[in-house]
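Worksheet: one structure, shown below.
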Amino acid sequence: MTDTTSEAEQKLLDELYAEFEEVGLIPLWTQVENLMPMSPRPAAIPHLWRWAQLLPMARRSGELVPVGRGGERRAMALSNPGLPGLPYATPTLWTAIQYLGPHETAPSHRHSQGAFRFVLEGEGVWTNVDGDAVAMRRGDLLLTPSWAFHEHQNVGEEPMAWLDGLDIPLVSQLDAGFFEFGPDELSTAATPRRSRAERLWAHPGLRPISQPDRPNSPLAAYRWEHTDAALNAQLELENEDAPGVIEPGHAGIRFSNPTTGKDALVTMRTEMRRLRAGTQTAPVRSVGSAVWQVFEGEAIAHVGEKVFEIAKGDLFVVPSWCEVSLTARTQTDLFRFSDEPVYEALGLARTSRGEHK
Ligand code: 1HN
């Protein structure tokens with residue numbers, strides 16, 4: 001253990017350690033630094049994926065790889081270089097670009113992993129969630145909470161690509177994964193403008209008296225027109241010196257569960273940010289990991305030691321306790337999701353906001 005250990009003592013120690021290994025023991029004194037670092041030491045690293053590279057590869061997959069039973073989804077997962085060989089963007093968040101050609105269907109199934117879709121561009125796909133047909137359009141956030149049956153059908157003449165977020169790595173670590181195939185036939189071929197969930201739940205501040213609280217939001221779709229209006233209102237109020245923005249030039253909304261006011265999904269935070277052109281955000285770091293996607297605009301993201309020039313569709317990862325700040329070249333909208341609700345539920349959440357640079 002120390003420099004002063006004699007040869008005889010070293011021999012006894014070696015014997016002891018060999019016996020530890022044999023019976024399945026590891027002494028704390030050789031491990032304490034790894035077990036209890038002074039602050040998080042994520043294996044995941046800050047990383048950027050460019051939409052301009054992802055989309056053509058999704059198209060090629062669309063030409064070459066059928067979608068159907070077994071594979072279930074034509075989804076290409078972001079693999080963090082710090083987590084080599086794993087289809088994980090971060091240790092808790094699965095993130096993919098999914099592609100569905102005209103008149104294709106991705107079959108019904110359900111799983112204990114929670115999921116959402118965020119649409120960068122395009123339309124024509126309806127996702128049926130427990131038999132409720134939900135249109136997917138540009139700027140919309142669509143939810144597929146844990147254990148809801150879901151299938152996707154493209155009724156249009158154009159292919160569609162979107163972003164998928166799931167808590168797959170978290171659920172895997174927790175050994176809490178369950179999966180079930182659904183029927184092979186479509187649950188519904190309907191293509192309504194408004195889903196049943198929206199007809200029941202999408203009225204600001206008004207909830208149906210008949211419905212109980214739920215851990216995940218019952219509102220299956222958060223429409224771009226509402227998100228856009230909420231962000232615009234914050235920036236307009238800023239012009240009147242009224243409260244609303246996160247910091248000067250930086251508006252933000254969180255997608256929430258209308259039954260609880262908490263995050264729309266139990267395990268994942270989903271947000272949209274709008275930066276006025278020229279805005280530089282204060283550096284922030286939080287415990288837990290996040291993925292950002294540019295919805296519109298051009299900006300520079302400082303993430304830890306890295307600097308990313310980002311444009312529409314680009315995706316980047318912010319590992320735990322890694323500082324992030326953004327500088328908007330043009331007005332920029334960003335979708336962000338993270339695992340923060342998990343840390344909050346466990347009493348492990350921490351955030352620190354630095355000075356503007
Ligand atoms: C899934 O069900 C979807 O429904 C996307 O679109 C990605 C990755 C692994 C397992 C199930 C979807 C998935 C997934």
Side-chain angles (χ1 to χ4, degrees), residues 49 54-55 57-58 61-62 65-80 83 85-101 104-120 122-137 140-156 159-188 195 197 216-217 220-222 264-268 270 291 293 315 335 337 339:
W49 290 262
L54 300 183
L55 190 58
M57 298 179 83
S61 303
V65 183
V67 63
R69 212 30 115 203
E72 299 295 288
R73 302 292 184 258
R74 191 188 290 113
M76 290 131 276
L78 308 186
S79 174
N80 191 297
L83 309 170
L86 292 170
Y88 298 168
T90 83
T92 55
L93 302 170
W94 200 88
T95 310
I97 173 173
Q98 182 168 163
Y99 189 88
L100 201 59
E104 282 188 326
T105 298
S108 172
H109 64 212
R110 65 177 173 179
H111 35 73
S112 54
Q113 293 84 353
F116 67 79
R117 337 267 157 221
F118 177 72
V119 183
L120 183 73
E123 56 182 47
V125 173
W126 267 254
T127 180
N128 300 330
V129 182
D130 279 334
D132 187 16
V134 185
M136 296 174 64
R137 303 185 196 99
D140 295 346
L141 176 74
L142 303 314
L143 304 184
T144 313
S146 171
W147 214 236
F149 276 112
H150 55 286
E151 63 199 355
H152 317 307
Q153 66 155 339
N154 188 345
V155 302
M160 190 172 166
W162 62 85
L163 180 72
D164 282 323
L166 291 91
D167 53 14
I168 292 174
L170 173 71
V171 172
S172 170
Q173 269 304 309
L174 297 174
D175 283 332
F178 292 89
F179 181 96
E180 231 175 65
F181 292 109
D184 286 336
E185 318 74 54
L186 265 185
S187 65
T188 171
S195 60
N216 290 297
S217 171
Y222 296 73
L265 295 167
V266 193
T267 54
M268 289 184 283
T270 47
V291 180
Q293 185 177 37
L315 289 142
F335 175 72
F337 68 104
D339 51 15

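FYI, the numbering just counts along the sequence from 1. Everything numeric in this text was worked out from a predicted model, so none of it was measured. Order of appearance sets the numbers: ligands from 1, and atoms from 1 within every ligand.
With rounding to the nearest 0.5 Å, the separation of CD1 in I168 from OG1 in T95 is 9.5 Å. Summarising the geometry, atom CG belonging to L141 is positioned 10.5 Å from atom CZ belonging to F337; distances are rounded to the nearest 0.5 Å.
Nearest-residue assignment for atom 12 (C) of ligand 1 (options E151, R73, M76; heavy-atom criterion): R73. When H152, E72, H109 are ranked by how near their heavy atoms come to atom 1 (C) of ligand 1, first place goes to H109.
Heavy atoms only, all atoms of each residue included: F149 and G182 are closest at CE2-CA, 3.6 Å.
Remark: distances from the non-hydrogen atoms of Q98 to ligand 1 include one below 4.0 Å. Taking a 4.0 Å cut-off on heavy atoms, F179 fails to register as neighbouring ligand 1. Using a 4.0 angstrom heavy-atom cutoff, Q113 does not count as in contact with ligand 1.
Of the residues L143, L142, D140, the one that meets the side chain to side chain contact (heavy atoms under 4.5 Å, CB included) test with Y222 is L143. Test R110, Q113, H111 against F179 for side chain to side chain contact (heavy atoms under 4.5 Å, CB included) and you get one pass: H111.
Below 4.0 Å from some heavy atom of R117 lie the following atoms of ligand 1, by number and element: 3 (C), 4 (O), 5 (C), 6 (O), 12 (C). Each of the atoms 7 (C), 8 (C) of ligand 1 lies under 4.0 Å from some heavy atom of W94. When each atom of ligand 1 is checked for a heavy atom of D164 under 4.0 Å away, the hits are 5 (C). Annotation for ligand 1: atoms under 4.0 Å from non-hydrogen atoms of I168 are 8 (C), 9 (C).
When heavy-atom distances to ligand 1 are checked against a 4.0 Å cut-off, T144 has no atom that comes that close, whether in backbone or side chain.
Using cut-offs of 30° and 60° for the angle between ring planes, the F118 and F335 rings count as parallel.
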Problem set entry | Working for side-chain hydrogen bond (donor to acceptor under 3.5 Å, both in side chains), residues W162 and D164 | CA-CA 7 Å; W162 62 85; D164 282 323; 3.0 Å; yes
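The closest protein non-hydrogen atom to atom 11 (C) of ligand 1 is H111 NE2, 3.6 Å.
V171 places none of its side-chain heavy atoms less than 4.5 Å from the side chain of T267.
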